[in-house]
Protein chains: 2
Amino acid sequence: MDDLDLPTAAPATIEEFRDRLTEITDGLPRRLRQCADHIAANIDRIAVSTVAELAAGADVPPSAVMRFCQILGYSGFSEMQKLFREAYAPGFPDYSTRLKNLKDGGAGSPSALLAEFIEAGRLSLEALAKSADETALAQAVSVLAGADMVHVIGLRRAFPVATYLAYVFEKMSVPAMLHDGVGKLDHRHALRAGDAVLAITFAPYSEETIALAQDARDRGLPVVALTDRPTSPLARTADAILTVPEVDFGAFRSLSATIALAIALAVAVGSARG
Amino acid sequence: MDDLDLPTAAPATIEEFRDRLTEITDGLPRRLRQCADHIAANIDRIAVSTVAELAAGADVPPSAVMRFCQILGYSGFSEMQKLFREAYAPGFPDYSTRLKNLKDGGAGSPSALLAEFIEAGRLSLEALAKSADETALAQAVSVLAGADMVHVIGLRRAFPVATYLAYVFEKMSVPAMLHDGVGKLDHRHALRAGDAVLAITFAPYSEETIALAQDARDRGLPVVALTDRPTSPLARTADAILTVPEVDFGAFRSLSATIALAIALAVAVGSARG
DNA sequence: GTGGTTTTGGAATATTTATTCCATTTCCAC
DNA sequence: GTGGAAATGGAATAAATATTCCAAAACCAC
């Protein structure tokens, strides 16, 4: 009568919980599997749900959910929920109150603007986490890591990103050249066989950036694009395309997500080169 | 027997809830006030608490909490909690799972790096929300709004911020000049009476930036500083000092918070000038 | 202090929610 | 198909939780 199936203890942290979940999901009978899937997809709602709600969501009877909790090693649903209720409070404790206060300064007040930009930045970062394309990123890294020199171009609102990339490449000893358009000098003849281009542009796309990318393409150099949509004009010329979902507030975008992606790219390239 | 005390309906959003809370807190008898205070301080935990827990936290009997909910206009605690349970999911739905997955790519993998930078950016923004000094911001805005021309200087890793500021000022038709150090040209003679300087620098502080700020100071021009600590060398020369708590990951900082603050400042200045 | 009003605490009750149990069904090896 | 084991659904029960109610206490104006 011994239950030797599950000598493992119940997960005590959310990390462990996630691991355990992916670990056991295969090889679970139909109903229990529905539970696992639904819970995995709604892990953040466990803390505020009832057994009945979860069961309805997974389209199983409540008893199935109970069994599932027990398979995971808990005595029941309540014990499992406890984990999530306690862990709950991710940076949120005071943050939203504070934002509210800032906004109370009145629409258009400096503090209210700040609150809006902070919020836009945060949303952008979260959206990036959700939408980032790992494959494209890996490919971009490999393209740039193999280049003799990286030519960085980004103008107008993409310029800050380009300059930060240039700074990071410099710090990581990656040979890089920033095409900044100073003096309307055109440096396209600096492109040499073995080099690669990293082009950054957002709608309305800057002509010079697209032209440089096209030029590189014509000469057979690989191009990595950092842009806002898969339909961007850079898509045609790029060997790897990274899109970044930036939330605008008013006429200006936050750049938070773009910069996060850009630095990750640059650092990855830097370490790939050793 | 009519209850004409509370013709107002129960708050239907968290915003309204907060407003209502601050509105009624004064003029509440002792126990109810304890409830109000404790709830205000733990607003983010309502969704995952029971009446008994809340009551214990506020050091009142459960019935006091019930009464409090009813005063707010709800039929009881459950109805009030419903609001918070539903509103719960602030961008978090899938975000943390996703971050975890990105990190699973392995330490040092491009995705893992990206996850780290996203997280650093988010933490920085939250920290900024908590620590932002509204008074200093308002003062910085008034100083810059009154200037004939704004001189922006920021080098090395502050350079991207400076360029973005220059971009925003340009878009908002604020006369601004970016001191970029191109060609090692020194533009300090461009400073004229009536102008103001916006200097950005982080440890290790760039000499040129400090020098320009000092120069402006000597000539009696106002200086606004955007820096990392109140002890920054700019503190001595600045008329308004904005500090920004940026979370580093590895050798690089995210800039998210700095940029959010910078744009808010620029847009506020732009609209203050009409 | 007195009478009336408001506030309070806690015990009693109602409701919701979790959990167990077992008869029925499904699955699978033979 | 048959027998045995595993899985399932739902009804019954147990536990936790919310809610009400009222007697006692505190408060306040006079």
Side-chain angles (χ1 to χ4, degrees), chain A residues 1-7 10-11 17 21 24-39 42 45-86 88, chain B residues 1-6 10-11 17 24-39 42 45-86 88:
Chain A
M1 211 42 99
D2 317 45
D3 268 338
L4 288 176
D5 317 75
L6 295 160
F17 184 89
L21 204 56
I24 63 161
T25 298
D26 310 322
L28 231 42
R30 192 166 121 261
R31 290 279 113 118
L32 293 180
R33 206 207 176 113
Q34 283 172 251
C35 291
D37 289 344
H38 182 254
I39 283 178
N42 296 75
R45 296 211 64 82
I46 296 178
V48 296
S49 300
T50 65
V51 171
E53 285 165 4
L54 245 27
D59 198 29
V60 300
S63 47
V65 173
M66 287 307 299
R67 265 194 297 274
F68 180 79
C69 298
Q70 284 160 355
I71 283 177
L72 247 32
Y74 301 100
S75 69
F77 175 74
S78 300
E79 190 178 305
M80 181 176 106
Q81 189 179 48
K82 197 159 140 250
L83 170 64
F84 290 90
R85 289 200 165 173
E86 280 165 4
Y88 167 72
Chain B
M1 214 40 102
D2 315 48
D3 268 339
L4 289 175
D5 318 76
L6 294 161
F17 184 89
I24 63 161
T25 298
D26 311 321
L28 231 43
R30 193 167 121 259
R31 290 279 114 119
L32 293 180
R33 192 183 192 140
Q34 284 171 250
C35 291
D37 289 344
H38 182 254
I39 283 179
N42 296 74
R45 295 211 66 81
I46 296 179
V48 295
S49 300
T50 64
V51 172
E53 285 165 4
L54 246 28
D59 198 29
V60 300
S63 48
V65 174
M66 288 307 300
R67 265 194 298 273
F68 180 77
C69 298
Q70 285 160 353
I71 284 177
L72 246 31
Y74 300 100
S75 69
F77 176 74
S78 299
E79 190 178 304
M80 181 176 106
Q81 190 180 47
K82 195 157 143 253
L83 169 65
F84 289 90
R85 289 202 163 172
E86 279 164 6
Y88 168 71

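Residue numbers begin at 1 in each chain, while the letters A, B, ... track the order of the sequences.
- For the residue pair Arg33(B) and Leu28(B), the shortest heavy atom distance occurs at CB-O, 4.1 Å.
- Counting only distance, with no hydrogens or angles, the side chain of Gln81(B) and the backbone of Thr50(B) share no donor-acceptor pair below 3.5 Å.
- With a 4.5 Å cut-off on side-chain heavy atoms, Leu83(A) and Ile46(A) do not count as touching.
- In this structure, CG of Leu72(B) is placed 14 Å from P of dT19(D), rounded to the nearest angstrom.
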With the criterion being N/O to N/O and under 3.5 Å, what pairs connect the protein with nucleotides 6-14 of chain C, and how long is each?
unit_1, atom_1, unit_2, atom_2, d
dT8(C), OP1, Arg31(B), N, 2.9
dG9(C), OP1, Arg31(B), NH1, 2.2
dG9(C), N7, Ser63(B), OG, 3.4
dG9(C), O6, Arg67(B), NH1, 3.4
dG10(C), N7, Ser63(B), OG, 3.2
dG10(C), O6, Ser63(B), OG, 3.2

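- Using a 4.5 Å heavy-atom cutoff, the side chains of Ile39(A) and Met80(A) are in contact.
- Atom CZ of residue Phe77(B) and atom OG of residue Ser49(B) lie 6.5 Å apart, to the nearest 0.5 angstrom.
- Using cut-offs of 30° and 60° for the angle between ring planes, the Tyr74(B) and Phe17(B) rings count as tilted.
- Counting only Watson-Crick and G-U wobble pairs whose two key distances fall under 3.5 Å, DNA chain D forms stems of three or more stacked pairs at C:1-30 with D:1-30.
- Put simply, the side chain of Arg85(B) never gets that close to the backbone of Arg45(A): no donor and acceptor are under 3.5 Å apart.
- In terms of modelled atom types and a separation under 3.5 Å, the side chain of Glu79(A) and the main chain of Gln70(A) share no donor-acceptor contact.
- If you take OH of Tyr74(B) and P of dT19(D), they are 13 Å apart, rounded to a whole angstrom.
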Test Arg31(A) against Gln34(A) for side-chain hydrogen bond (donor to acceptor under 3.5 Å, both in side chains), laying out the working first.
CA-CA 5 Å; Arg31(A) 290 279 113 118; Gln34(A) 283 172 251; 2.9 Å; yes

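- Taking CG of Leu54(B) as the reference point, atom CG of Asn42(B) lies at 7.5 Å (rounded to 0.5 Å).
- Here dA7(D) presents its C1' atom at 15 Å from CZ of Phe68(A), a figure rounded to the nearest Å.
- Rounded to whole angstrom, the span from the NZ atom of Lys82(B) across to the P atom of dT17(C) amounts to 12 Å.
- A close approach under 4.0 Å does occur between a side-chain nitrogen or oxygen of Gln70(A) and OP1 or OP2 of dT20(C).
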Review item, nucleotides 13-18 of chain D N/O atoms under 3.5 Å of protein N/O:
unit_1, atom_1, unit_2, atom_2, d
dA18(D), OP1, Val51(B), N, 3.4
dA18(D), OP2, Val51(B), N, 2.7
dA18(D), O3', Ser78(B), OG, 3.0

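- Taking atom CD1 of Ile46(A) as the reference point, atom C1' of dT17(C) lies 17 Å away to the nearest angstrom.
- One finds the CG atom of Leu32(B) at 4.5 Å from the CD1 atom of Ile71(B) (value rounded to the nearest 0.5 Å).
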